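None of these values were measured; they are calculated from a predicted model. Each chain gets a letter, A, B and so on, in the order its sequence line appears, and its residues count up from 1.
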Number of protein chains: 2
Amino acid sequence: MGVSKSSFFTEEQNELASKLKALAHPARIAIVQYILKQKKCICTNIVEELPLAQPTISQHLKELKSSGIIKGSIEGKGICYCVDEENLSKTIANLQEILNEMKLEKDDCC
Amino acid sequence: MGVSKSSFFTEEQNELASKLKALAHPARIAIVQYILKQKKCICTNIVEELPLAQPTISQHLKELKSSGIIKGSIEGKGICYCVDEENLSKTIANLQEILNEMKLEKDDCC
DNA sequence: GATTAATATCGTAATATTGCGATATAAAAA
DNA sequence: TTTTTATATCGCAATATTACGATATTAATC
């Protein structure tokens, strides 16, 4: 159906899946890297950095923003985007927790 | 087009995006959690654990396997799945690196 | 107020994902 | 060797994603 049965999973599982989904595209990873690379987060020129048309990048930015990975505020003529580092850190930590939580008394067989 | 222009991005960006994509679904997160929860990695009964039909779970397992997040070997009648913890750890580390790499002399404006 | 520049939205085409019933396969058990 | 059990694959329908041209919006600049 292309629609995931999110209601059957926990809030945490859905939340983490959604954040990872926002990051799960090379263009969006490149965008996050580019924004972080700028010392200040004045982030015009993303369009010139990537081999994608302006509407496509705008769409990727929207996805990153709506998932909370980045935030943007109006800055004169353009928009200033920053990575929400706290949010991204938390996502990474959540993923790491899954791995850590279960690591005790493992008996590898594969 | 629904097809990402992967050839324009770096190997690292494509690789990370692909791993994150494999994890970016609540059912697949639940599967990884369930496999890790078992002390031994004898992993039948996944079908009974999740509210999804057997072919659907088989498909999710295939995706996790082909991206290297889990590995499976034949174990009698069934199949024994394990999380490839090294691989998963590396994915998390790669994501963390992106965040760390750029953290020096930041000037937050958002 | 018209122009320019930066970004967003709309509409649409191509492709991918999700889910499952039906069916196939493969190994153990009877 | 038939049956049972566990898992995979096929085929399909519904929906989502990716990409972009055309166009709209918004704010600075002239």
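Side chains of Q96(B) and Q96(A): no donor on one and acceptor on the other come within 3.5 Å.
One finds a side-chain N or O of K21(A) lying less than 4.0 angstrom from the OP1 or OP2 phosphate oxygen of dT17(D). Contact annotation: H25(A) side-chain N/O to dA19(D) OP1/OP2 distance is under 4.0 Å. Residue Y81(A) places at least one side-chain N or O under 4.0 Å from the OP1 or OP2 atom of dA8(C).
For DNA chain D, the neighbouring residues in residues 54-67 of chain B, judged by any heavy atom under 4.0 Å, are Q54(B), P55(B), S58(B), K62(B).
For the pair A27(B) and L52(B), the tightest heavy-atom approach, listed with the atom from each and the gap, is CB-CD1, 3.6 Å. Across all their heavy atoms, I35(A) and C82(A) have their closest contact at CG2-CA, 3.8 Å. Between I69(A) and S67(A), the closest heavy-atom pair is CG1-OG, 3.1 Å. Shortest non-hydrogen contact noted between R28(B) and K21(B) is NH2-O, 3.2 Å.
The interatomic distance linking I46(A) (CD1) with dA5(C) (C1') rounds to 16 Å, in whole Å. If you measure from atom CD1 of I70(A) to atom P of dT7(C), you get 12 Å, rounded to the nearest angstrom. Separating the CG atom of L52(B) from the P atom of dT17(C) is a distance of 17 Å, rounded to the nearest angstrom. Following rounding to the nearest Å, I79(B) (CD1) and dA8(D) (C1') show an atom-to-atom distance of 8 Å.
In this structure, CG in L64(A) is found 9.0 Å from OH in Y81(A), a value given to the nearest 0.5 Å.
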